[in-house]
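Report on the structure given below.
We use all heavy atoms of the structure for the numbers below, so side chains are in, but hydrogens, waters and symmetry mates are not. On a predicted model such as this, the values are computed, not experimentally measured, just so you know.
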Amino acid sequence: MNIADLRKSYEKAELNENASHADPLKQFEQWLQEAIASEVPEPNAMTVATVGSDLRPSTRVVLIKGYDERGIVWYTNYESQKGRELAGNPFAALQFHWVELERVVRIEGRVEKVSAEESDAYFHSRPLDSRIGAWASPQSQVIEGRTVLVTNAAKYAAQFMLQPPRPPHWGGYRLVPNSWQFWQGRKSRLHDRLRYTQDGDQWLRERLAP
């Protein structure tokens, strides 16, 4: 099969100015809850794009862990590649792609660390194996093999037993949006695409050509 010949007609839904929310956070919440209710695979998965000091972009998939009027939250190792890149350039882009619903949400904005109290609360809500894993994995660093991870996990499990503290190098980030885009696939590639940008204390909603 020639990959250039792959085609799909998008015909599940529509998105228009009259039926969408004036507040992009409410529109996002509606779509996220519909993705969860539709039981799409990992509806909470999102791509995070950052840019390093060499101006080269990089992406990875993480899981959203919270959202409110302050922004979108996820947790990770601060010493990972994305952590290092955000330390030098605290801006990022997020993307949700719910294939089964033919929908994409793009969010851009400034990134900040969440408070230590928020990071502690989330860390201690995680399963024990995940808390040990935060200590065991020197994320984004070169290791000799999987044995390094297994050995580290055994070491920290023995050291901390059932009460591992949150590692100082691990915690949350919050992206504070200043731009949202909602994309709904439509027939004949005439897709619906709405962009929200900040206009003072309000959001300006505009339709973009697909």
Side-chain angles (χ1 to χ4, degrees), residues 6-50 59-76 82 92-112 114-115 118-131 133-134 171-198 202-210:
L6 292 175
R7 295 284 189 275
K8 178 182 178 180
S9 181
Y10 299 97
E11 303 180 14
K12 287 186 177 295
E14 63 182 44
L15 176 66
N16 62 61
E17 294 83 344
N18 295 329
S20 61
H21 292 281
D23 183 342
L25 182 64
K26 292 182 179 179
Q27 184 65 38
F28 170 73
E29 182 172 41
Q30 177 184 326
W31 274 19
L32 176 60
Q33 293 304 319
E34 288 176 359
I36 294 170
S38 299
E39 298 183 343
V40 304
E42 296 200 274
N44 54 334
M46 62 183 186
T47 299
V48 178
T50 56
T59 65
R60 72 287 289 161
V61 176
V62 303
L63 302 179
I64 182 176
K65 292 300 179 181
Y67 64 93
D68 56 25
E69 65 282 352
R70 297 173 296 171
I72 309 295
V73 174
W74 72 96
Y75 291 85
T76 190
K82 58 184 167 300
L94 310 177
Q95 177 171 288
F96 293 82
H97 186 193
W98 298 306
V99 177
E100 293 78 5
L101 300 180
E102 302 174 352
R103 289 174 172 172
V104 173
V105 179
R106 296 166 54 188
I107 313 167
E108 299 176 5
R110 184 177 182 86
V111 178
E112 61 190 23
V114 307
S115 68
E118 289 176 273
S119 290
D120 286 341
Y122 175 69
F123 182 79
H124 291 297
S125 75
R126 305 179 84 207
L128 177 60
D129 287 351
S130 296
R131 284 178 279 155
Y173 286 109
R174 175 179 289 107
L175 182 140
V176 182
N178 57 27
S179 175
W180 300 72
Q181 287 194 37
F182 296 85
W183 181 96
Q184 175 71 62
R186 297 295 300 275
K187 189 176 181 180
S188 302
R189 295 299 187 266
L190 301 178
H191 311 302
D192 290 328
R193 184 180 173 194
L194 298 184
R195 180 180 66 185
Y196 295 72
T197 52
Q198 282 187 315
Q202 304 296 319
W203 288 96
L204 174 64
R205 178 178 48 191
E206 301 170 301
R207 176 173 289 268
L208 300 182

- Apply salt bridge (charged side-chain N to carboxylate O under 4.0 Å, His left out) to Glu102 and Lys8, showing your working. CA-CA 10 Å; Glu102 302 174 352; Lys8 178 182 178 180; 3.6 Å; yes
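- Going from atom CG of Leu32 over to atom OH of Tyr67 covers 5.0 Å, rounded to the nearest 0.5 Å.
- Val62 has its side chain out of reach of Tyr75: every pair of non-hydrogen atoms, C-beta onward, lies at least 4.5 Å apart.
- Between Thr76 and Lys82 the shortest side-chain heavy-atom distance falls below 4.5 Å.
- Within the 4.5 Å cutoff, the side chain of Arg110 has no heavy atoms near those of the Leu175 side chain.
- Counting only heavy atoms from C-beta outward, the side chains of Thr59 and Gln95 never approach each other to under 4.5 Å.
- Proximity of Trp183 to His191: side-chain heavy atoms (C-beta onward) are separated by under 4.5 Å at one or more points.
- The shortest distance between side-chain heavy atoms of Arg106 and Glu108 falls below 4.5 Å.
- By the side-chain hydrogen bond (donor to acceptor under 3.5 Å, both in side chains) test, Ser38 is found to be paired with no residue, residues two or more places apart in sequence or in another chain being considered.
- Partners of Tyr173 according to the ring-ring contact (aromatic ring centres under 6.0 Å, His included) rule, which considers only residues two or more places apart in sequence or in another chain, are Trp74, Tyr78.
- For the pair Leu25/Trp180, a side-chain contact is recorded, criterion being any heavy-atom separation below 4.5 Å from C-beta on.
- With hydrogens and angles disregarded, a donor-acceptor distance shorter than 3.5 Å links the side chain of Ser119 to the backbone of Gly172.
- Taking CG from Asp23 and CD from Glu29, the interatomic distance works out to 9.5 Å, rounded to the nearest 0.5 Å.
- Not counting sequence neighbours, the partners of Gln184 by the side-chain hydrogen bond (donor to acceptor under 3.5 Å, both in side chains) test are Arg103.
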- Task: Starting from the C-alpha separation in whole Å, work towards a yes-or-no answer on side-chain hydrogen bond (donor to acceptor under 3.5 Å, both in side chains) for Gln30 and Glu34.
- Result: CA-CA 6 Å; Gln30 177 184 326; Glu34 288 176 359; 3.2 Å; yes
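- Ion pairing of Glu14 with Lys187 is absent here, as no side-chain N (NZ or NE/NH1/NH2) approaches a carboxylate O to less than 4.0 Å.
- Scanning for ring-ring contact (aromatic ring centres under 6.0 Å, His included) contacts around Phe96 gives Phe28, Trp98, with sequence neighbours left out.
- Inter-residue side-chain proximity for Ile72 and Ile107 is flagged as met; some heavy-atom pair is nearer than 4.5 Å.
- In this structure, the side chain of Arg126 engages the main chain of Ser130 through a donor-acceptor pair within 3.5 Å.
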Would you be so kind as to tabulate the donor-acceptor pairs closer than 3.5 Å made by side chains of residues 202-210, with sequence neighbours excluded?
from, atom 1, to, atom 2, distance (Å)
Arg205, NH1, Glu17, O, 3.2
Arg205, NH1, Ser20, O, 3.0
Arg205, NH1, Ser20, OG, 3.0
Arg205, NH1, His21, O, 3.2
Glu206, OE1, Arg195, NH2, 2.9
Arg207, NE, Glu17, OE2, 2.9
Arg207, NH1, Asp192, OD1, 2.9
Arg207, NH2, Leu15, O, 3.0
Arg207, NH2, Glu17, OE1, 3.3

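- Every ring-ring contact (aromatic ring centres under 6.0 Å, His included) that Phe123 has, sequence neighbours left out, goes to Trp170.
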